[in-house]
Amino acid sequence: MTAAMPPFVLRLNASRVRFGAGALAALPDEVRALGCSRALVLSTPNQAEEARRAADLLGSLAAGTYTRAAMHTPVEVTEDALGEVARTGADCTVAIGGGSTTGLGKAIGWRTGLPQVAVATTYAGSEVTPILGQTEGGRKTTFSDPRVQPQVVIYDPDLTLDLPQDMTMTSALNAMAHAAEGLYARDRNPLSSIMGLEGIRAFAEALPVLAGAPRDRDARGRALYGAWLCGTVLGQVGMALHHKLCHVLGGSFDLPHAATHAIVLPHAIAYNEGAVPDLLAPLRDVFGAASAGQGLYDFADRIGAPRALRDLGLAEADLDRAAAIATENAYWNPATLTREGLRSLLARAWAGDPPAA
Ligand code: NAD
């Protein structure tokens with residue numbers, strides 16, 4: 001007996017990926033290959049030194065640096081950066097950093113058509129998606145457009161050796177969340193499921209090593225490989241409850257992006273597990289657990305990730321409103337969404353309790 005092959009539609013996003021320790025050295029070649037000669041290097045203030053180093057590496061191919069990228073891509077920052085693009089006559093951008101910096105490169109690329117190189121230094125995965133979230137007047141809006149996606153992505157594990165320990169773990173769980181929700185996505189395809197599972201396995205192997213030895217080069221390489229795979233899944237298929245909840249908690253309650261993902265993931269997966277037990281079975285196998293939700297919870301605990309939303313500053317009094325916002329606009333999810341169900345999920349995540357069985 002052969003299992004039936006379900007139909008699928010697959011969109012492969014065209015970007016060039018260069019992976020490997022020391023890969024940053026090829027940055028000038030990659031800029032030239034795009035036909036560009038004046039790259040504006042972008043970063044957050046925290047990574048201004050990395051931006052300067054990348055500009056030095058580019059030498060005469062560098063138009064300058066802009067080091068004011070900020071979380072959730074505020075439109076004011078993009079407009080300020082566009083002034084720098086015009087002033088320097090830049091013909092491409094090089095974003096060096098996590099999702100915040102990649103977001104700025106995307107926002108510039110979408111508005112100007114300038115080609116983008118993304119040098120990823122966290123595991124968030126934005127560099128391989130056509131998705132852009134921007135904030136204006138305190139409101140975050142997200143859309144997907146192929147013109148947003150960086151043309152070239154460089155993954156150099158050496159740039160992640162000093163990623164702080166808390167950020168390492170939360171950013172990795174953020175990436176694993178893309179893959180976990182990808183396993184039950186309505187528009188999943190064979191490749192997205194294979195990549196997602198391989199990405200989760202890579203993190204399951206690397207993170208316990210990094211918990212004890214943050215500068216272990218092999219484990220850093222394996223984690224970044226997982227990030228590429230999980231981010232690619234995010235760029236290919238639709239997300240559900242977990243991403244919606246994190247969007248609400250980040251957008252309406254200003255909770256930090258990666259840590260929120262890390263805390264909510266076991267609970268969102270547990271909420272959906274009863275509806276799609278077969279699709280989540282591979283996750284149970286990876287963690288050797290009786291349920292995927294509990295497996296993720298125990299794994300997060302083992303690697304020292306945060307567990308309670310209250311520790312991120314969310315007030316217990318906000319849980320009702322968060323559950324209400326998360327059920328406001330209907331969106332697809334494998335399990336039926338109810339306000340009481342989400343309220344109870346959030347209460348567990350708030351207190352740091354294990355997910356519902
Ligand atoms: P981030 O980019 O905000 O980075 C957090 C901090 O860590 C910054 O100060 C950064 O400079 C610093 N940092 C990054 N890499 C470092 C390194 N290797 N060593 C030392 N410091 C380093 O964090 P993030 O979690 O990568 O990105 C979050 C943002 O990305 C959110 O706005 C989120 O909405 C967005 N995002 C978008 C997508 C998408 O597909 N559009 C996907 C994932 C995340």
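All ligand and atom numbering here is 1-based and tracks the order in the structure.
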Any idea which atoms of ligand 1 are less than 4.0 Å away from a heavy-atom of [X]?
X	value
T44	8 (C), 9 (O), 10 (C), 11 (O)
T129	39 (C), 40 (O), 41 (N)
L234	40 (O), 42 (C)
K106	39 (C), 40 (O), 41 (N)
D162	19 (N), 20 (C)
G98	2 (O), 26 (O)

Quiz item: If you measure only the distance, is there a donor-acceptor pair under 3.5 Å linking the side chains of R220 and T168?
Solution: yes

Exercise. Please work out whether the ring planes of Y155 and F19 are parallel, tilted or perpendicular, with thresholds of 30° and 60°.
Key: tilted

With a cut-off of 6.0 Å (strictly less than), are more than 12 heavy atoms of other residues, nucleotides or ligands near [atom1] of [X]?
X	atom1	value
D311	CG	yes
E136	CD	no
R111	CZ	yes

Taking non-hydrogen atoms only, is [X] closer than 4.0 angstrom to ligand 1 via side chain, backbone, both or neither?
X	result
L159	backbone
H72	both
N46	side chain

Quiz item: Under 6.0 Å between the ring centres of H257 and H261?
Solution: yes

Practice problem: Determine whether the aromatic ring centres of H267 and H242 lie less than 6.0 Å apart. | Solution: no

I need the nearest protein heavy-atom contact for [atom]: residue, atom name and distance, please.
atom	result
atom 19 (N) of ligand 1	L163 CA, 3.6 Å
atom 1 (P) of ligand 1	S100 OG, 3.4 Å
atom 43 (C) of ligand 1	A124 O, 3.4 Å
atom 15 (N) of ligand 1	T121 OG1, 2.7 Å
atom 12 (C) of ligand 1	Q47 OE1, 4.0 Å
atom 4 (O) of ligand 1	M167 CE, 3.9 Å
atom 41 (N) of ligand 1	I131 O, 2.9 Å
atom 44 (C) of ligand 1	H257 NE2, 3.5 Å

Quiz item: Any heavy atom of K140 sitting closer than 4.0 Å to ligand 1?
Solution: yes

Exercise. Decide whether the shortest distance between a heavy atom of G250 and an atom of ligand 1 is less than 4.0 Å.
Key: no

Quiz prompt | Side chain proximity check, V248 to F253, heavy atoms < 4.5 angstrom | solution = yes

Quiz item: Any side-chain heavy atom of W228 sitting closer than 4.5 Å to one from M195?
Solution: no

Quiz item: Are E340 and R343 close enough for a salt bridge, meaning some N to O gap below 4.0 Å?
Solution: no

Exercise. Considering only NZ, NE, NH1 and NH2 on the basic side and carboxylate oxygens on the acidic side, decide whether D29 and R32 come within less than 4.0 Å.
Key: yes

Exercise. Mind listing the closest non-hydrogen atom pair of G226 and F203 along with its distance?
Key: C-CE1, 3.5 Å

Self-check item: Check against side chain to side chain contact (heavy atoms under 4.5 Å, CB included), V9 and D187
Solution: CA-CA 7 Å; V9 175; D187 55 352; over 6 Å; no

Quiz item: Which residue from A69, A51, S144, S126 reaches closest to atom 39 (C) of ligand 1 through any of its heavy atoms?
Solution: S126

Nitrogen or oxygen atoms of [X] and ligand 1 under 3.5 Å apart:
X	result
G99	yes
T122	yes
N174	no
P164	no

Self-check item: Option passing side-chain contact (heavy atoms from CB on, under 4.5 Å) with V117 (candidates L34, I96, T93)
Solution: L34

